[in-house]
Amino acid sequence: MSKNSIFLPILLITLGVGWLLTTLNVAPQINWVWSLSIAALGLLTLVIGGIDKVTVVIGPLLILTSCLSILRQTGRIEFDVEVPILIIISGILLLCARHPLVPIPKWVLKDTRPE
């Protein structure tokens, strides 16, 4: 079974869970569909793409964005706190991606090989 084949089922499950949480008024002020979808995309980025210099930034950043969105929607943090946190974490993740143990994405290597 291909890793890509899990994308749609996981996204549908996430959307359904978000919709159900909203319908059941579990923290009704939270847009669960939005927040859980962003988290699912972050996880899927890592699952489908593996760990490389691109996914090590995008995956965790999307997951953190989801978490901070929930905190903002529940009034625990403000938007002007959320955005600087995301910018700081983006910089930290970009530094982590520069580490020599984090591989270059396979799709980049395929394009640079001489034929």
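Bear in mind the structure is a predicted one, so any value in this text is a computation, not a measurement.
Across every non-hydrogen atom of T45 and G59, the tightest pair is CG2-N, 4.0 Å. The minimum heavy-atom distance between L15 and S37, with the atom names listed, is CD2-OG, 3.0 Å. Nearest heavy atoms, K53 versus V57: O-CG2, 3.8 Å. Residue P105 comes nearest to V54 through the heavy atom pair CG-CG2, 3.5 Å, listed as atom of the first residue, atom of the second, then distance.
Note that CG of L36 and CG of L41 are 11.0 Å apart. Values are rounded to the nearest 0.5 Å. Between atom CG of residue L44 and atom CG of residue L62 there is a gap of 10.0 Å, rounded to the nearest 0.5 Å. We find the CZ-CG distance between R76 and L68 to be 12.5 Å, quoted to the nearest 0.5 Å. Atoms OG and CG, from S66 and L71 in turn, are 9.5 Å apart once rounded to the nearest 0.5 Å. In this structure, the separation between CG on L101 and NE2 on H99 is 4.5 Å, given to the nearest 0.5 Å.
For I89, the side chain to side chain contact (heavy atoms under 4.5 Å, CB included) criterion is met by L61, L64, I85, I92, L93, not counting sequence neighbours.
L20 and V26 fall within a single hydrophobic cluster, where Ile, Leu, Val, Met, Phe, Trp and Tyr side chains are chained together by heavy-atom contacts under 4.5 Å. Both I88 and L94 sit in one connected hydrophobic cluster of ILVMFWY residues. Membership requires side-chain heavy atoms under 4.5 Å apart, directly or through other members. When hydrophobic clusters are built by joining Ile, Leu, Val, Met, Phe, Trp and Tyr residues whose side-chain heavy atoms come closer than 4.5 Å, directly or via intermediates, I38 is not grouped with I13. Hydrophobic clustering (side-chain heavy atoms under 4.5 Å, transitive across Ile, Leu, Val, Met, Phe, Trp, Tyr) groups I48 together with W107. In this structure, V83 is not a member of the same hydrophobic cluster as W34, with clusters built from ILVMFWY side-chain heavy atoms closer than 4.5 Å.
Not a single donor-acceptor pair under 3.5 Å links the side chain of S69 to the backbone N or O of T65. Side chain of T55 to main chain of D52: a donor-acceptor pair is present (N/O by atom type, distance under 3.5 Å, no hydrogens or angles). A donor-acceptor pair is defined here as one N or O able to donate and one able to accept, closer than 3.5 Å; no such pair exists between the side chain of K106 and the backbone of G49.
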TODO: Could you give me the CA-CA distance, side-chain angles and deciding distance for Q73 and N31, then say whether side chain to side chain contact (heavy atoms under 4.5 Å, CB included) is met?
DONE: CA-CA 8 Å; Q73 291 176 59; N31 184 340; 3.5 Å; yes
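Applying side-chain contact (heavy atoms from CB on, under 4.5 Å) to T14 and the options V17, L12, I10 leaves one that passes, I10.
By the neighbour-count criterion of 12 heavy atoms within 6.0 Å, atom CD of Q29 is densely surrounded, having more than that number from other residues, nucleotides or ligands.
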